[in-house]
Amino acid sequence: MNELAKTYEASQHEDAIYHAWEASGFFNPDNLSRAKEPFSIAIPPPNATGTLHMGHTMFLTLQDLMTRFARMRGKKALWLPGTDHASIATQNKVEKLLAKEGKTRHDMSRDEFVGRIDDYVAQSRSTIRNQIRKMGSSCDWSRERYTLDVGLSHAVTEMFVRMYGDGLIYRGNRIVNWCPRCKSTLADDEVKYRPEKTPFYYFKYGPVVIGTARPETKFLDKTIVVHPDDGRYKELVGKEFDVEWIEGPIRAHVIADAIADKEFGTGAMTITPGHSFEDFELAGKYHLPVEKIIDENGNLTEHAGSFALRNARDSRAAIVKKLQEKNLVDHVDENYEHNLSVCYRCDTPVEPLPSLQWFIAVNKKIEKRGKSLKELASEAVSSGRITILPKRFDKIYFSWMNGLRDWCISRQIVFGHRMPVYYCEKEQGGCGEVIVSGEPPTECAKCKHTNVRHDEDTLDTWFSAALWTFSTLGWPENVEDKNGKIKKKGDLATFHPTTVMETGYDIIFFWVARMIIMSEYALHEEPFKTVYLHGLVLDENRKKMSKSREETQIDPLDMIPQYGADALRMSMLVGVTPGNDLFISKEKIAGYRNFVNKLWNVSRFILQFSHDESEKKHPLTLADRWIFSRLASTISRITNHIEAFQFSRAAEELRRFTWDEVADWYLEVAKIEKNKRQHLLRMLEHLLALWHPFTPFVTEVVYQHMRKTTHPHFISLMIHSWPSADKKMIDEKSERAFSIVQEMIRQIRNARQEHAIPPSQKIQCWFQTKNSETLIADNAEIVMRLGRIDMLKKLESDEKPHNAVFLKISDDLDVYLPLGMKPREEERGFIEKEIAMLGGLIQDINQRLTNNEFLTGAPKHILEAETKKRNDYLGKIEKLEEQLKKISNS
RNA sequence: GGAUCCAUAGCUCAGUUGGUUAGAGCGUUGCGCUUACAUCGCAAAGGUCAGAGGUUCGAGUCCUCUUGGGUCCACCA
C-alpha cells in the first residue's frame with residue numbers, strides 16, 4: 001500500500017475523482033439498476049453565460065448533498081442540470097461586447113444579432129458547466145437541458161398556444177413598466193425601488209394648487225381629483241375651468257374620489273393616465289383618455305408641444321422654468337423623498353407608459369377547472385401538497401399570490417423565445433386577424449392572405465423558467481391527455497413532481513411561484529413536494545455578494561484550488577439554516593480545510609496502523625462496544641436530520657462523533673489495546689460513507705485507497721449503501737461504563753493541569769470503589785497511558801489518604817492523586833464553592849418538590865428526574881464534605 | 001404604510017411541540033509527553049439568552065409592549 005501524504009492536498013485529487021465519477025455512469029439514475037423509489041431535483045439553471053459565484057456554491061452543495069444521500073439510500077436519484085438563456089442579461093452582455101467594436105445591435109439584422117448572441121452562449125456555456133463540476137456536483141449530464149434548446153422551446157410554444165386557447169393569454173393596451181435603456185417591458189417584480197431626494201413642485205393650476213415630482217408628464221392633465229370630504233374644494237367638484245398651463249390654456253374639470261389623500265400635498269391632484277398605474281385605473285373608472293406623453297425612448301411626444309422629442313427627464317428643469325416664467329410655480333419643496341422605480345437589471349429609471357402587450361390572466365377562471373391560476377397555485381400550498389421551508393415563507397407566498405396582477409409576458413428583447421403570434425396585417429392587405437400557432441402559418445386562416453407577420457417580441461425569461469421542472473422531463477411529449485385526464489409517461493412519470501426544489505428565497509416570486517402556477521395548469525400537479533429556501537451568501541461586510549463590489553468578493557474559483565471543494569462545501573453547510581443568510585470568509589473556509597485534513601489523518605492513521613496487524617478477529621473490548629454503540633446512535637440521528645433538511649445539525653453531529661469520540665478517544669485507545677484492524681477498518685468505512693454526501697472528494701480518495709489492494713476496479717463510494725443504525729450495536733451499559741473511564745481520565749488531566757504537573761512527569765493514582773474494580777482493572781492501561789499514571793492502586797474503603805488531591809468520578813468511584821504536597825487553600829476554596837453550587841441547585845429542586853402545584857402539574861418523568869437529580873447532588877456533597885474534612889485534618 | 005425575521009460567549013451561529021447546571025466552531029489563556037494530524041493534542045476561562053410586563057408548577061422557547069437591526073411587499077400624486 002502506498003503511503004498517504006501527511007496532509008490532504010485537495011487540488012491533487014479532485015479533478016481525477018470527478019472524472020472517474022462521471023465515467024462510472026452512476027450520475028444517471030438509469031444505471032442505478034436496483035433503485036426503485038425515485039428522487040429528483042431540477043437544478044435552478046444558472047445563466048448560460050455566467051460564471052460560478054458563491055450563490056451557486058450554496059445551492060450546488062445542498063442539492064448534491066441531498067442527491068448523494070438519496071442515491072446511497074438506494075433511491076433512483078436524478079439531479080437534472082441545465083442552464084438558462086437569461087434573455088435580458090445575456091443580450092446586455094453581447095451588446096456591451098458589440099460596443100467595444102463600436103457597434104450597436106441596430107447595425108445588423110435581427111437574425112445576425114441573435115446569431116451573435118447564440119455564438120457567445122455556445123462558447124461560454126461550457127465554462128459554467130465545468131465550474132459546476134468543480135464543486136463535485138453529481139448531476140446527470142446526459143439529461144442536461146438549456147432553456148432555448150429545441151425541446152424546451154417547443155414546450156414554451158405549446159404552453160403559450162394552450163393558454164391562449166384557454167383564454168388565459170390575451171393582448172391588451174395597458175400601462176406597463178418600461179425600461180428606456182433595455183427598450184423593453186418589465187414585470188412588476190423586475191422593478192426595484194431606490195430612495196431618492198427630488199424637488200417636489202407645487203403648481204398653480206386654475207383654482208387649485210397641485211403637487212408633483214414629475215412635471216414632464218403633466219402636459220395633458222385635465223382632471224383634478226379631490227377627496228369627497230375635503231371642505232376646501234367642496235364647491236369645485238363637478239365644475240369646469242379654463243386653466244393656463246405649460247403649452248397654453250387647457251379645459252379642466254374637477255371630480256371627487258376617495259383616492260385623493262387630504263393630508264398629502266394640497267389635497268388636490270391632477271390625473272396622468274398614461275404614466276401612472278394608479279391614474280390609469282382611475283382613468284378607466286371615469287373613462288378618461290389615455291395619452292402617451294413619453295415614448296419608448298424616454299422622449300416627450302408631440303403632446304409636449306415645444307418640448308416634443310426631447311428627453312423627458314432631462315427636460316424637467318426647462319419645463320419648470322417655463323412655468324415659472326408664466327408665474328405658475330407656487331413653491332418648491334426641495335426635501336421631498338420618495339422611491340424612484342428602476343430597472344432591476346440596469347438601474348435605469350423606469351417609465352410607466354401605455355403599451356400594447358401580452359398578458360397572462362391570473363384571476364380568470366379556467367373553464368374546465370372552475371378556478372383561476374392564482375387559486376390553483378394558492379391551493380397547492382394551502383392544501384399541504386407543497387411544503388415550504390422555512391415555514392414562514394408560506395405567508396409571504398400567499399400574500400404575494402393574493403395581490404398578483406396579470407403577468408406581462410411580452411418583452412421587446414430579441415434574445416429569447418419568440419412569441420408564437422402572427423398578424424395578418426391590414427397594411428399589407430390582410431384582414432387584421434391575430435393568429436396564435438405552434439407552427440408558422442403559411443396563410444391567414446380567415447382571409448387566406450399569405451402575408452402574415454411574426455410578432456417581433458420574445459417571452460419573459462421566467463415564462464420558460466416556470467416550465468423547468470417538467471419541460472426538462474419531456475413535456476409535452478411525455479403526456480397523454482385523455483379527456484382531460486392527464487397520463488404521464490417516461491421520465492415525466494418517474495420523476496415528476498420532483499422531490500425537492502432548492503433555491504434562494506430571493507426568487508420565490510420570480511420563479512418558485514410561477515413554476516407552481518404552470519405545473520398546476522399543465523399537469524394538474526405540483527412541480528415539487530418540498531421547497532427548501534436557502535439564504536443569501538453575504539460577504540464580510542454583510543452585503544450581498546455582487547459583481548459590483550469586487551473588493552469584498554470571495555470567488556469560489558479561487559477558494560477551490562486553495563482549500564478544496566470539500567472545505568468550501570462544509571462552509572456552505574455548517575451553521576446554516578434555511579432562510580437565513582450566511583456570512584462567508586476565507587477564515588471559515590480555511591477552518592474546514594483543516595477539518596477535511598483531520599478526516600484525512602484519521603483515515604491515514606487507521607490505514608497505516610491496521611496494516612501492521614493480523615487479519616484475525618479479536619473479541620470486543622469495552623471501548624469497542626462503546627464506540628460502535630455511539631456509532632449506531634449517531635447514524636440514526638444523522639439520518640433523521642438529513643431527512644428533516646437539517647443539514648447543519650447532521651454535519652455538526654457527525655463532526656462531533658468523528659473528532660471528539662473517534663479521533664480523540666477511540667484512536668488513542670487503539671494505540672493501547674491493539675488488535676483492532678477489523679474494527680478500525682469497519683469504523684473507517686462507516687465514517688467515509690457518512691461523510692460522503694458532505695465531503696465527497698476526500699472520502700472517495702480514501703475509499704479508493706482503502707480498497708485498492710483487494711479491488712482493482714473503481715467502484716465509487718457514491719453507490720455504497722448508506723449505513724444503517726444497527727439496534728443490536730446499541731449498548732447503553734457499555735456507554736455508561738466507558739464514560740466513567742473517560743471521566744476518570746479527564747479529571748486526572750484536569751488535576752494535573754491545576755497543579756502544574758508537566759506531562760512528562762508521571763504520577764500515582766489511588767482509587768476506592770465497591771463495584772467498579774473490574775472496570776478499572778480491564779481498562780487500567782488506558783487510564784495509565786492517557787492520564788500519565790505510573791502506578792494505579794486500589795485503596796481499602798476505610799483508608800483516608802492525606803496530602804492527596806481528591807477526585808469524585810462517580811457515585812462509586814473516588815480517586816486520590818498523591819501529589820506529595822500540602823493541600824492548598826485554593827483547593828479548599830474550590831471544594832467549598834462546589835458544595836455551595838450544589839447546595840443552591842438542591843434548594844431549587846426542593847422548592848419545586850415541595851410545591852403542590854408542581855407536584856400535580858408536572859409530568860411523572862420530570863418528577864422522577866428531579867428526585868434523582870437531588871439524590872445525586874446530595875451524594876456528591878457528602879463526598880465533598882468528607883474530603884474537606886480530610887484536608888482540614890491533614 | 002403593510003408584513004415578516006432577527007437580537008443567545010469577544011466573533012459567527014445552533015438551540016423542532018415550554019422540562020438536567022443554555023451548546024458548537026473560531027478566537028483567547030495555560031501546557032505540550034504521545035504509533036495519524038502543529039491544517040495537531042490536552043486543559044481552562046468566557047453568557048443576569050436586548051429591555052419591561054404577562055401566561056405557567058416551570059420560559060432562551062408562548063403572549064403583549066419598548067428599543068435596536070435586517071428583509072420583503074406596496075408605493076401617494
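These numbers come from a predicted model, not from an experiment. Sequence lines set the chain letters: A, B, ... in the order given, protein chains first and strands last, and positions in each chain run from 1.
Annotation: of the two residues near RNA chain B, A:M269 and A:E9, the 5′-most nearest-nucleotide partner is A:E9. Toward the 5′ end of RNA chain B lies the nearest nucleotide of A:Y592, the other residue of the pair A:Y592 and A:G857 mapping further downstream.
Here the side chain of A:P859 is nearest to one of B:U4, B:G19, B:C33, namely B:G19. Taking every side-chain heavy atom of A:F854 into account, B:G19 is the closest of B:G41, B:G19, B:G30. Of the candidates B:C31, B:C75, B:A43, the closest approach to any side-chain atom of A:N339 belongs to B:C75. Distances from the side chain of A:N597 to the nucleotides B:C37, B:A24, B:U20 place B:C37 closest. Which of B:U20, B:C57, B:C37 sits closest to the side chain of A:Y873 comes down to B:U20. Set against B:U4, B:C76, B:U39, the side chain of A:N594 has B:U39 as its closest nucleotide. Residue A:R655 has its side chain nearest to B:G25 when only B:A44, B:A36, B:G25 are considered. Checked against B:A43, B:U71, B:C40, the side chain of A:K598 finds its nearest nucleotide in B:C40. Considering only side-chain atoms of A:F509, the nucleotide from B:C33, B:C72, B:A43 that sits closest is B:C72. The nucleotide whose nearest atom lies closest to any side-chain atom of A:F583 is, among B:C13, B:C40, B:C57, B:C13.
For A:K395 and B:U4, the shortest distance from a side-chain N or O to OP1 or OP2 is below 4.0 Å. For A:W659, a side-chain nitrogen or oxygen approaches OP1 or OP2 of B:G41 to under 4.0 Å. Using a 4.0 Å cut-off, no side-chain N or O of A:S341 falls inside it from OP1 or OP2 of B:C75. Between A:K6 and B:A36, a side-chain N or O to OP1/OP2 separation shorter than 4.0 Å is absent.
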Tell me, with the steps shown, if A:K869 and A:D872 meet salt bridge (Lys or Arg N to Asp or Glu O under 4.0 Å). CA-CA 5 Å; A:K869 244 191 307 178; A:D872 286 354; over 6 Å; no
Evaluate side chain to side chain donor-acceptor pair (under 3.5 Å) for A:D566 paired with A:Y592, printing each intermediate quantity in order. CA-CA 8 Å; A:D566 288 337; A:Y592 288 111; over 6 Å; no
Side chain to side chain contact (heavy atoms under 4.5 Å, CB included) for A:F854 and A:E866? Distances and angles first, verdict last. CA-CA 11 Å; A:F854 177 73; A:E866 291 288 318; 4.1 Å; yes
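A:R604 comes within contact range of the sugar-phosphate backbone alone, with a heavy-atom separation under 4.0 Å but no base atom that close. A:R749 comes within contact range of the sugar-phosphate backbone alone, with a heavy-atom separation under 4.0 Å but no base atom that close. Across all strands shown, A:H861 has no heavy atoms under 4.0 Å from either base or sugar-phosphate atoms. A:T212 comes within contact range of the sugar-phosphate backbone alone, with a heavy-atom separation under 4.0 Å but no base atom that close. Nucleic acid contact for A:T856: none, since no nucleic acid atom lies under 4.0 Å from a heavy atom of the residue. In this structure, A:Q761 reaches neither bases nor backbone, as no heavy-atom distance under 4.0 Å exists between it and the strands shown. In this structure, A:G267 reaches the bases: a heavy-atom distance under 4.0 Å links it to at least one base atom across the strands shown. Within the 4.0 angstrom heavy-atom criterion, only backbone atoms of the sugar-phosphate kind lie near A:R746; the bases stay farther away. Within the nucleic acid shown, A:D261 comes within 4.0 Å of at least one base atom, counting heavy atoms only. Heavy atoms of A:R870 sit nowhere under 4.0 angstrom from any nucleic acid atom. Using a 4.0 Å heavy-atom criterion, one finds that A:A663 contacts the bases of the nucleic acid, with or without backbone contacts as well.
Without hydrogens or angle criteria, A:R604 side chain to A:L4 main chain gives a donor-acceptor distance under 3.5 Å. One N or O on the side chain of A:H275 and one on the backbone of A:P352 form a donor-acceptor pair closer than 3.5 Å. With hydrogens and angles ignored, the 3.5 Å screen pairs a side-chain donor or acceptor of A:T212 with a backbone N or O of A:R214.
The interatomic distance linking A:L786 (CG) with B:C42 (P) rounds to 10 Å, in whole Å.
A centroid separation of less than 6.0 Å is found between the aromatic rings of A:F647 and A:Y532. Aromatic pair A:F203/A:Y205: centroids not less than 6.0 angstrom apart.
B:U34 and B:C42 have their P atoms separated by 15 Å, given to the nearest Å. Nucleotides B:G47 and B:G60 place their C1' atoms 11 Å apart, quoted to the nearest Å. For the P atom pair drawn from B:G10 and B:C62, the interatomic distance equals 24 Å after rounding to whole Å. Between B:G32 and B:U21, the two P atoms lie 37 Å apart (nearest whole Å). Rounded to the nearest Å, the gap between the C1' atom of B:A43 and that of B:U61 is 33 Å. For the C1' atom pair drawn from B:G1 and B:G58, the interatomic distance equals 41 Å after rounding to whole Å. Nucleotides B:G51 and B:A38, compared at atom C1', are 45 Å apart to the nearest Å. The separation of B:U64 from B:U55, taken at their C1' atoms, amounts to 11 Å, rounded to a whole angstrom.
Helical stems involving RNA chain B, defined as 3 or more consecutive Watson-Crick or G-U pairs under 3.5 Å, span B:1-7 with B:67-73, B:10-13 with B:23-26, B:28-32 with B:40-44, B:50-54 with B:62-66.
The CG atom of A:N594 sits 12.0 Å away from the CE atom of A:M570 when rounded to the nearest 0.5 Å.
Between A:V805 and A:A751, the closest heavy-atom pair is CG1-CB, 4.4 Å.
For the contact set between residues 217-227 of chain A and RNA chain B, defined by any heavy atom under 4.0 Å, the members are A:K218.
For A:R392 against B:C5, no side-chain N or O and base N or O form a donor-acceptor pair under 3.5 Å. In the interface, the side chain of A:E668 is paired with the base of B:A36 through a donor and an acceptor atom under 3.5 Å apart.
Both the sub-6.0 Å distance and the 45° axial angle are not jointly satisfied by A:K598 relative to the ring of A:Y8. The cationic atom of A:R656 (NZ for Lys, CZ for Arg) does not lie both less than 6.0 Å from the six-membered ring centre of A:W691 and within 45° of the ring axis.
With 3.5 Å as the limit, one finds a donor-acceptor pair spanning the side chains of A:T272 and A:K218.
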